[in-house]
Amino acid sequence: MYGRCPFLSPLYGPKGRYLRTVITNNIEVLFGGQAGDGSLTTGDLIATAFKRMGLELYTYKDFPSRIRGGHTNYVIRAGQHRHYGLADYVDAMVAFDLECVERHIQEIRPHGFVIFDNSTEKLTDAVRRPDVTFYEVPLAKIAKEQLGLELVRNTISMGVLAALVGMDPQIVRTLVTKQYERKGEKVVAQNVAAIDAGEQYVREHCTTPSGYDLVARPDGDRLLMMGNDAIGYGALVAGCRFMAGYPITPATDVLEWMARHAPKYGGVVVQAEDELAAINMTIGASFAGVRSMTATSGPGQALMTEGIGLAGVVETPIVVIECARAGPSTGMPTKTEQSNLNHLIFSGHGEIPRVVLAPGTVEESFYLTVAAFNLAEKYQVPVFVLSEQALCQSKETTPRLEFGSVTVDRGKLIRNGGVTFGEYKRFAFSEDGVSPRVIPGVDGGMHLAPGSEHSDGGVITEDATNRRRMMEKRMHKLESMRPELPRPNLLGDPKAAVAFIGYGSNRGPIAETQDRLHADGIATRFLQLRTLWPFPEEEVRAFVHSAAHVFVVENNITGQLERLIRYVTGPLPHMHPVRKYDGRPFRPIEIIDAVKKVLASATSPTEKGASVTPVGPEKTAAGVRSVAR
Amino acid sequence: MATVLSPKDFATATPSWWCAGCGDFGVLAALKQACADLGLQPKDVAFISGIGCSGKISGYLHSYAFHGVHGRALPTATAVKLANKDLTVIVAGGDGDGYAIGAGHFLHAVRRNPNMAYIVMDNQTYGLTKGQSSPTSMLGYKDGTHPQGNPDAPINGLAIALAAGGTFLARGFSSEPKQMTEMIKEAVRHPGFAVVEVMSPCVTFNKINTYKWFKENVYHLDDAPGYDQHDKQKAFATLTAAGKIPLGIFYREVRPTLDALTLGDHPAISSLPIETIDPRLVALQDAYA
């Protein structure tokens, strides 16, 4: 699918001594230093360079919740396969200070390497590992002495890395030129010279090969996009022309993306005074007939809870983007977590119909956001799009977006009259629970939309019969919409005894775990949930009961997804939690270890008579993967 | 051709939940008269209200009405105006709604200056929860939550609005329907965020600030010779002066509105055809290639 597999060839040292194999077109690079020193910009440049060389990418930002200072790093995983997540280990580290090496040296793969700026700090014995190659390069010193500008230190490091792993020099220079051309010829020249200097340093001083190599492939017609950008893009394409939000990490990117683009299409973005205002503005714009959304993270989501209940009862369609981060309270604003699921599904006083969609990739972030707007307007309900820091602030290579499949379905919206006052009832009872929705300005449709319980005509009432019917009408929408909800993706061997359930950013690590277990002769299947509410009960029940072992992989401590599953399945002895809650995304090895531990201790065959099925000879690794939309 | 309407055309069939004699009846009557006098059509009026006795008013004005959550009427209304700038947007709520739970939104609506009118129906108590102190209750006001007397000083909403950049500030009294009607008309006509605070007595719970009390404690700015509605210093002095409560229009200023600044000459957002995808949106992905 992506051309030939990475090849391994022997690597010989300076005296013809066999060292190890060379890894080609497969590398995970960690750029680390202090926040504000520009390593994120360089990281983006390197990521684009890898893409130009035809590799598939996933990037991960691990930064502190401060602007200047504090350790920050940017991880770029590049390879021939699209992985949507981190690898087991880091292959190469570019460390701008000793702290970076101290923090991450244990994450380096055996035979990996470190580029360390030794201008001011020296490597200590404590951080050295015999199985890791250290290239100590005085980056800042070269920048200052050769180029007269300490700022280009990062660009020099790119030159060093480029030379060590065999990046195409022309691609690197073209990118650097494009990146800085807005700042003038002088800046471009300085940065190109910095690349030269980095490459030259490697030629003159680095005698040990890095053990990594890149062979350029066609870039192809692909995109490199961040999850939050895909959400903003999806919203705009879906016709969203109003957004209100309050800045909050990691959701602010969506607000900024929309502020940059929406006005060109006639839209408006408001930076609200708080999340209470943001959600009520989102409702107000929708009441007036404009597709609208807000984006927030846990703390803001808590404040929006009241407004979401209002949207539910006045049947006003809204889309709420939740970019989850580590809670509770302020928690760890820049770290990833899947602990907001309960909040999205269960929060609020009273009962309303709501939808929770969860993309697992950047590409899905686009399409599910479009779906969210259509579901919201068609069923006149609040719809959440749940992402996470490890997905929404990560970039991925992705195929070009297909607009042929994108439709804007406004449901029972009435914009052009034909309404008779006295006959029209805004909250009319109907078979699917959805009533024709007229917007202000249309003659004859005047009504009250109250957060209080109301009659079909919008008159506030506490009548018992009406109350029962209204509750049933609104909640029935959850059933009516079921056929249109995004279905789960089933990856792997549908009959395998070992099964995974997960959602969101865990799509990548789980899918990669599948490939690796497959290589070890263990067949697996994976149900990637994309609609989390209304919960896909039938699919999950069928999936879970036919498996010998079900691993529920999630980033929280209490097993929020597992509890949802148990609601529909009851207690299951063969369900195993795989949980991580340190604010960082899973690396595949962590899931693999958890699975192998269970399989090793499991008495076979299980009570269901099922045992772990070996992989048949006809099932290739490539056959296990399926890239789903 | 739009027909000229009377106040009755702005009435709904919904029976009122207010107590007999409630000051809010006067506000509603003035509002209906103002809508008729201004030649508005119910279909073009978006009427957003808060929660409380006053918030019920949205059910009684024939219009596109929205009765949201407590304190959040202003953000909702601001977005309605931005979404469809051709609508006449009117907001109403009580003193608790605007000056307590929604105080933050009040300040920000004032500074944003969206083109809409806001009527604060001030009865100096929380009527619907049976008479507790509100942000405008007088010091020492005794109620269920303050049996020893309210220790919190009352808030001066109009003075705060002036400091926050208010562009139209007025105060009426629900026993003075003619003046109130004119004030509401001026407020709706004002190109910007117009605040009309109305003293609207609660006949059931507030036994201090009664109709009689108000009649003895108000005076009309119109009676003050040479009052200049464009003099900010004078307005602030008048609003904060001790003694009797002034009624009238305190201050007017014209500055760019939120809707004008963000929308310019663009058509109402709600009229945009979004069903067909703009080709520029397809091309937008080239920036990521």
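Every chain is numbered from 1, with letters handed out A, B, ... down the list of sequences. Here the structure is a predicted model, which means the values were calculated and not measured.
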Give a yes or no on this: more than 12 heavy atoms of other residues, nucleotides or ligands lie within 6.0 Å of atom [atom1] of [X].
| X | atom1 | result |
| --- | --- | --- |
| F50(A) | CZ | yes |
| E462(A) | CD | no |
| N416(A) | CG | no |

From [X] [atom1] over to [Y] [atom2], what is the distance, rounded to the nearest 0.5 angstrom?
| X | Y | atom1 | atom2 | value |
| --- | --- | --- | --- | --- |
| Y288(B) | K395(A) | OH | NZ | 9.0 Å |
| T76(B) | L310(A) | OG1 | CG | 7.0 Å |
| F66(B) | T316(A) | CZ | OG1 | 5.0 Å |

For chain B, find which of [options] contributes the most heavy-atom pairs closer than 4.5 angstrom.
| options | result |
| --- | --- |
| I283(A), L236(A), L276(A), D229(A) | L276(A) |
| G239(A), P450(A), G444(A), G441(A) | G441(A) |
| G451(A), G289(A), A277(A) | A277(A) |
| A285(A), P263(A), A238(A) | A285(A) |

query: Are M446(A) and D44(B) close enough, and set up right, to give a side chain to side chain contact (heavy atoms under 4.5 Å, CB included), and what steps lead you there?
result: CA-CA 9 Å; M446(A) 289 71 76; D44(B) 297 322; over 6 Å; no

Report which part of [X] has an atom under 4.5 Å of a heavy atom belonging to chain B: side chain, backbone, both, or neither.
| X | answer |
| --- | --- |
| V406(A) | both |
| K264(A) | both |
| V459(A) | side chain |
| D219(A) | neither |
| H454(A) | neither |
| V314(A) | side chain |
| R291(A) | side chain |
| R241(A) | both |

Exercise: identify the closest heavy-atom pair between [X] and [Y]:
| X | Y | answer |
| --- | --- | --- |
| A79(B) | F242(A) | CB-CZ, 3.7 Å |
| I274(B) | V408(A) | O-CG2, 3.6 Å |
| G104(B) | E273(A) | O-OE2, 4.3 Å |
| Y233(A) | V282(B) | OH-O, 3.6 Å |
| L272(B) | R415(A) | O-NH1, 3.4 Å |
| V80(B) | F287(A) | CG2-CD2, 4.1 Å |

[Y] backbone acceptor or donor facing [X] side chain under 3.5 Å:
| X | Y | value |
| --- | --- | --- |
| Y64(B) | V442(A) | yes |
| Q285(B) | L401(A) | yes |
| R280(B) | Y265(A) | no |

Name the option with the most non-hydrogen atom pairs under 4.5 Å to chain A; the candidates are [options].
| options | answer |
| --- | --- |
| T12(B), V45(B), L281(B) | L281(B) |
| H108(B), H70(B), H266(B) | H108(B) |
| P42(B), A46(B), S63(B), A73(B) | S63(B) |

Between [X] and chain A, which part of the residue has a heavy atom less than 4.5 Å away: side chain, backbone, both or neither?
| X | value |
| --- | --- |
| L82(B) | side chain |
| D86(B) | neither |
| L87(B) | side chain |
| H105(B) | both |
| S58(B) | both |
| I277(B) | side chain |
| R112(B) | side chain |

